Amino acid sequence: MTNPTSATDLVAATERHLLDTVGVEPAHAAAPEVLQAVSQAVREQLSQRWVRTQAIDRESKARRVYYLSMEFLIGRTFGNALASLGLQGDAAAAAEKHAKTLEDLAAGEPDAALGNGGLGRLAACFLDSMATLGLPSFGYGIRYEYGMFAQSIQGGRQVEHPDSWLENGTPWEFPRAGIGYPVRFGGWVEQPALPGGKAQWRPAAEVNAKAYDMVIPGHGTDKVSTLRLWKAVAPAHIDLHAFNSGDYARAAEVKNEFENISWVLYPNDSTPAGRELRLRQEYFFTSASIQDILARHLAEHPSLANLHEKVAIHLNDTHPAIGVAELMRLLVDEHGFVWGDAWKVTQQTFSYTNHTLMPEALETWSVDLMHHVLPRHLDIIFRINHDFLEFAATKRPNDMDFLRRLSLVSEGGEKRVRMANLSIVGSHKINGVSKLHSDLLVETIFSDFAHLWPERFTNMTNGVTPRRWLAQANPKLATLLDQTLGTAWRLDLDELGRLKTEGDSSSFRIAFAEAKQANKSRLAAMIARSTGLKVDPTSLFDVQVKRIHEYKRQLLNVLHVVTRYHAILDQPNAEWQPRTVIFAGKAASSYFMAKQIIRLIHDVGAVINNDRRVGDRLKVVFVPNYGVSVAEVIMPGADLSEQISTAGTEASGTGNMKLALNGALTIGTLDGANIEIGQAVGDDNIFIFGLRTPEVEAQRRAGYQPMRLYEADPRLKAVLDAIGSGVFSPDERDRYRGLIDALLWGGDHYFLLADYDAYIQAQARVDARFRDRDAWARSAIANVAGMGPFSADRTIGQYAKEIWHVEPRP
Ligand SMILES: *Cc1c(COP(=O)(O)O)cnc(C)c1O
């Protein structure tokens, strides 16, 4: 097979694949078939790069980092692969031969949506940066048959559909036939007869983890990284009896019982039902990954004694935290380590990122369930806990509360294993994802651990990859930046800082505004296609796109929309800045309140969008099925970025970074990375409002009374009364009574009413600034110019240096 290195080669390879791989007559190939053929031609190059990169790392016995994550929200690969291989022009030529454009082809690729939201997308951005920086690295996760559900809207309500992204196969994965590991579950542990003897796990079931690799190309380098995803398959030896005796239905049932482990991604906020399967998923991919890591190590080194010198394993949240116990088990039970040596190696190998401060979101597993699913690991966790508490007791003798808070096992009611505590005790570094979040970790939920080990806690502010979120998503702005700054910003986002002076050039501001306008028109066309609504592309595009969650406060945004609606009706002759308020996001299928908020957005939209008195001055749209590909169209078309979580709840946010990078101004609270974004772009170029974290805490302690705010503010009262009394749901008047009661009577847990007035005032400042389009363009440019620090390359560079101690390949 030839390696296509010029346009003619890629065209030729495409023609060959149409015939040989896709099996169609090239003259009659439709867009999906051309996409398949071009992808195959590109895949050949990726494959060669993968083989070469692996050989280099093997020969140099490189220290590698392994990023364990339950989620990787990758999106489409086609455009990204073309860009990183520099094959866009060649692929366009190959497509043109069949009267297609690259856009025609790209639209046919389903998103790889193996994640819920920010956490999964962060992992995908990190892979891009690890490959680009040339770090010897692997991502490890699960090859879900069904990823994040697809969302449609019917009668204003979210409807969930299975995401069968693998239905037609994917050209971007490489099944590794030879690579598989057994993962065992259940059974019991035979305790040693003599003290110092060995415990023996007698598992009751076994499933095979089979490796599927997605090759992650770096940009500006011919090196690649690997995302290795595990698929669960029944071991060949199971229940052959049923098969032999012709009972195929029974045999299939047994097979399914094993293989359902990698069937479906769990939506977050899901109910306890089916939680056992989730624990099995966590152990399944973690065990397979660590077995693979040890096998690779032993292929290059005589023993595991130096594992921690050659291997860094990172836990993306606590989902893979069971890995701490699994590595201990493998070292002690299967590789003959004594406990103390195994612990030193383990503890030097792991590091852990926390993603949430909300105590209710910290993962725990009941001891009973863990005993049932992973009895040997539970023993190991008890022993780790015993040793740890003995150590902690020497630090604060006789302080039982201290020990109770630190314990890996919570007592009081049902005993549960605290996965965050396990992660901290088993790691040498623990990080938060923004300065505020990392500070709060040490001051609040992990303060006891920080007291013991202050040096373990650090901050790594999140970032996003400029390749996908600027170069690929926003070709208009990317081209302007190339003309103005050259192309180096793709690999060094600090280059954008040179735009600061460009803001003073009126010709640059005009060109910048033109690019934004074109992107808004593209977004308006997408809105028309997906919702049937026509919006005015010259109106202010006010965007809130993210998972629907009470703490993110989409409802506060709706309160502003209704306030504005009332004000327009009140003062129809005032000069209103036309606005289009754009929402997108999925609600977890079991999260009632979040689904109500989606329905409310639609009900409010139906009334406002059809009220002739309002006309074009206010429109409300909800773009269905938010995901990476939808985000790639929305981010470049946004004027205003809504980042309005209650202070102290959003660990970092990355949507805020993508939007600012595409020239949107933020309206936001002093929460997560908004604070650092504000510092980077300057106070004049961001709209900050609302309570700060300590103020929220102080009000909570003092006894926050939302009803008082309702009684005191006639505007707010009118808005809540309208929603609560069914003005937007005339067919069912008390549809939103519960939503409003949760604010007035339920304590307004996320302080919407407390921030309402400040938010409305900030929105007025937005209008005023937007009326001066030139001033707005200056601010938008200042936002782009300030985004250097929010490149995932910066983040990963910091992880590599300060936590993982891995070096880029020479
Ligand atoms: C960036 C991103 C997120 C995270 O958004 P936040 O506003 O930080 O919550 C979620 N989903 C998708 C598809 C994304 O691209």
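All heavy atoms count here, side chains included; hydrogens, waters and symmetry mates do not. Order of listing sets the numbers, starting from 1, for every ligand and every atom in it. Numbers here simply count residues along the sequence, with the first being 1. Note that the structure is predicted; figures quoted are calculated from it, not measured.
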For atom 12 (C) of ligand 1, which protein heavy atom lies nearest, and how many Å away is it?
Tyr626 CE2, 3.7 Å

Those atoms of ligand 1 less than 4.0 Å from some heavy atom in Trp469:
15 (O)

among protein heavy atoms, the one nearest atom 8 (O) of ligand 1 is Thr654 N, 2.8 Å

Go through ligand 1 atom by atom and flag the ones less than 4.0 Å from a non-hydrogen atom of Gly118.
3 (C), 4 (C), 10 (C)

Below 4.0 angstrom from a heavy atom of Gly653, which ligand 1 atoms are there? Numbered from 1 as shown, please.
8 (O)

Check the pair Asp542 / Lys619 against salt bridge (charged side-chain N to carboxylate O under 4.0 Å, His left out), numbers first and verdict last.
CA-CA 10 Å; Asp542 170 349; Lys619 293 282 177 225; over 6 Å; no

So if I count the atoms of ligand 1 from 1 in the order they appear, which ones are less than 4.0 Å from some heavy atom of Gly117?
10 (C), 11 (N)

His314 and Tyr799: aromatic ring centres closer than 6.0 Å?
yes

My understanding is that we take every heavy atom of each candidate and find the minimum distance to atom 13 (C) of ligand 1. Doing that for Ala584, Gly627, Gly655, which one comes out nearest?
Gly627

Report yes or no: does a heavy atom of Lys552 sit under 4.0 Å from some atom of ligand 1?
yes

Is the distance between the ring centroids of Phe689 and Tyr759 under 6.0 Å?
yes

Ring centroid separation for Trp776 and Phe770, is it under 6.0 angstrom?
yes

Arg692 bridged to Glu697 by N-O distance under 4.0 Å:
no

Closer than 4.0 Å to some heavy atom of Arg121 - which atoms of ligand 1 meet that?
15 (O)

Closest heavy-atom pair, Glu676 versus Lys435, reported as atoms and distance to 0.1 Å, is OE2-N, 2.8 Å

Centroid separation under 6.0 Å, is that true for the rings of His560 and Tyr756?
no

Any N/O of Gln643 closer than 3.5 Å to an N/O of ligand 1?
no

Minimum distance, heavy atoms only, to atom 3 (C) of ligand 1: which one of Arg547, Lys658, Lys546 is it?
Lys658

Cationic tip of Lys586 above Tyr626 ring, under 6.0 Å, 45° of axis:
no

